[in-house]
Amino acid sequence: MTNITVSFVKSAAGGDDFIRDGLDKIIITGRSNVGKSSFINAMAGVNGLARVSSTPGKTAFVNYFSVGGRLYWVDLPGYGYAKVSLSERKRWARLMEDFFAGLDGTARGLMLVDIRHKPTEGDLDMARCFRDLGVPFTVAANKSDKLKKSQTEPALALIRDTLELDDLPLPFSARTGDGKDRLTDIMGLRKGRI
């Protein structure tokens with residue numbers, strides 16, 4: 001599909017750690033158990049590029065991945081996991097505020113939601129954040145392999161209506177590769193700008 005190499009660059013804890021070099025960024029968001037790491041690995045075609053944990057809420061930093069040296073995938077910490085302490089949630093909130101406050105280059109959001117469930121308050125907040133910042137975003141409905149074909153369309157419609165989207169979200173499965181081709185351009189895996 002593509003010969004563009006995706007590689008891990010760094011984890012940023014905030015402040016001066018953030019990469020501010022003007023390159024375009026795809027900002028990957030989602031609740032902590034939605035499968036962001038599996039999504040990144042599947043899209044890059046590299047097992048283990050992003051660490052997959054059996055314990056949700058492990059991404060505590062902003063992780064940068066270089067896409068052919070042309071742009072970055074920026075994996076933000078997951079939100080909405082109840083077992084994370086209040087102090088840790090506050091730290092994550094400050095981290096997000098600092099990240100978005102200094103955003104440079106062209107940015108596009110890629111928000112992952114679980115196709116099996118109605119979007120959460122955290123998902124609604126994230127969609128509002130992108131809109132308030134004027135950052136265009138795409139929603140991918142992950143774990144599409146978990147539903148029967150007859151369940152997929154109503155599930156996508158519920159996500160669209162809840163998040164007040166113009167279009168249906170794109171179904172995706174890291175396990176089967178469903179939706180990968182449709183996300184290739186959005187994720188900057190073909191030459192050209194995002």
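The neighbour count for Asn47 CG, taken as heavy atoms of other residues, nucleotides or ligands under 6.0 Å away, does not exceed 12. Open room surrounds NZ on Lys146; 12 or fewer heavy atoms of other groups in view lie less than 6.0 Å from it. Residue Asp21 places its CG atom among more than 12 non-hydrogen atoms of other residues, nucleotides or ligands, all under 6.0 Å distant.
Contact check for Ser11 versus Phe8: side-chain heavy atoms found under the 4.5 Å cut-off. Thr120 is not listed as a side-chain neighbour of Asp114, based on a closest heavy-atom distance of 4.5 Å or more. Residues Asn33 and Arg31 meet the side-chain proximity criterion, which asks for heavy atoms closer than 4.5 Å. Counting heavy atoms from C-beta on, the side chains of Val74 and Phe99 come closer than 4.5 Å. Considering only heavy atoms from C-beta on, Phe137 stays 4.5 Å or farther from Ile27 through its side chain. For the pair Thr138/Leu170, a side-chain contact is recorded, criterion being any heavy-atom separation below 4.5 Å from C-beta on. Side-chain contact between Leu133 and Leu103 is absent, with no heavy atoms from C-beta onward closer than 4.5 Å. Between Met43 and Leu189 there is a side-chain heavy-atom pair separated by less than 4.5 Å.
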Solution key, residues 149-164 side-chain donor-acceptor pairs under 3.5 Å, sequence neighbours excluded:
unit_1: Gln151; atom_1: OE1; unit_2: Lys148; atom_2: N; d: 2.8
unit_1: Thr152; atom_1: OG1; unit_2: Lys148; atom_2: O; d: 3.3
unit_1: Thr162; atom_1: OG1; unit_2: Leu158; atom_2: O; d: 2.7

Chi angles and distances behind the side chain to side chain contact (heavy atoms under 4.5 Å, CB included) call for Leu71, Ile26: CA-CA 8 Å; Leu71 58 93; Ile26 307 289; 4.0 Å; yes
Stepwise side-chain hydrogen bond (donor to acceptor under 3.5 Å, both in side chains) test for Thr184 and Asp181: CA-CA 5 Å; Thr184 295; Asp181 287 343; 4.6 Å; no
Full working for side-chain hydrogen bond (donor to acceptor under 3.5 Å, both in side chains) between Thr176 and Asp145: CA-CA 7 Å; Thr176 67; Asp145 57 293; 5.2 Å; no
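Although no hydrogens or angles enter the test, the distance criterion places a donor-acceptor pair under 3.5 Å between the side chain of Arg70 and the main chain of Gly188. Between the side chain of Trp73 and the backbone N or O of Ile28, no donor-acceptor pair lies under 3.5 Å. Under the 3.5 Å distance criterion, the side-chain polar atoms of Asp75 are left unmatched by any main-chain donor or acceptor of Asn63.
Nearest heavy atoms, Val113 versus Val34: C-CG2, 3.4 Å. Looking at every heavy atom in both residues, Phe39 comes nearest to Ala174 through N-CB, 4.4 Å. Taking every heavy atom of both residues into account, Phe172 and Ala42 meet most closely at CZ-CB, 3.9 Å. Heavy-atom minimum distance, Phe130 versus Gly109: CZ-CA, 3.7 Å. The two residues Leu95 and Ala13 come nearest to each other via the heavy atoms CD1-O, 3.0 Å. Pairing each heavy atom of Asn41 with each of Ala50, the nearest pair is OD1-N, 2.6 Å.
Rounded to the nearest 0.5 Å, atoms CG (Leu76) and CZ (Phe100) are 5.0 Å apart. Rounding to the nearest 0.5 Å places OG of Ser66 at 8.0 Å from CG of Leu23. Atom CG in Leu49 sits 7.5 Å away from atom OG in Ser7 (nearest 0.5 Å). Atoms CG and NE2, on Asp123 and His117 in that order, are 11.0 Å from each other to the nearest 0.5 Å. Residue Arg108 holds its CZ atom at 10.5 Å from CE of Met187, rounded to the nearest 0.5 Å.
Between Arg20 and Asp104 there is no salt bridge, since no side-chain nitrogen of the basic residue lies less than 4.0 Å from a carboxylate oxygen of the acidic one.
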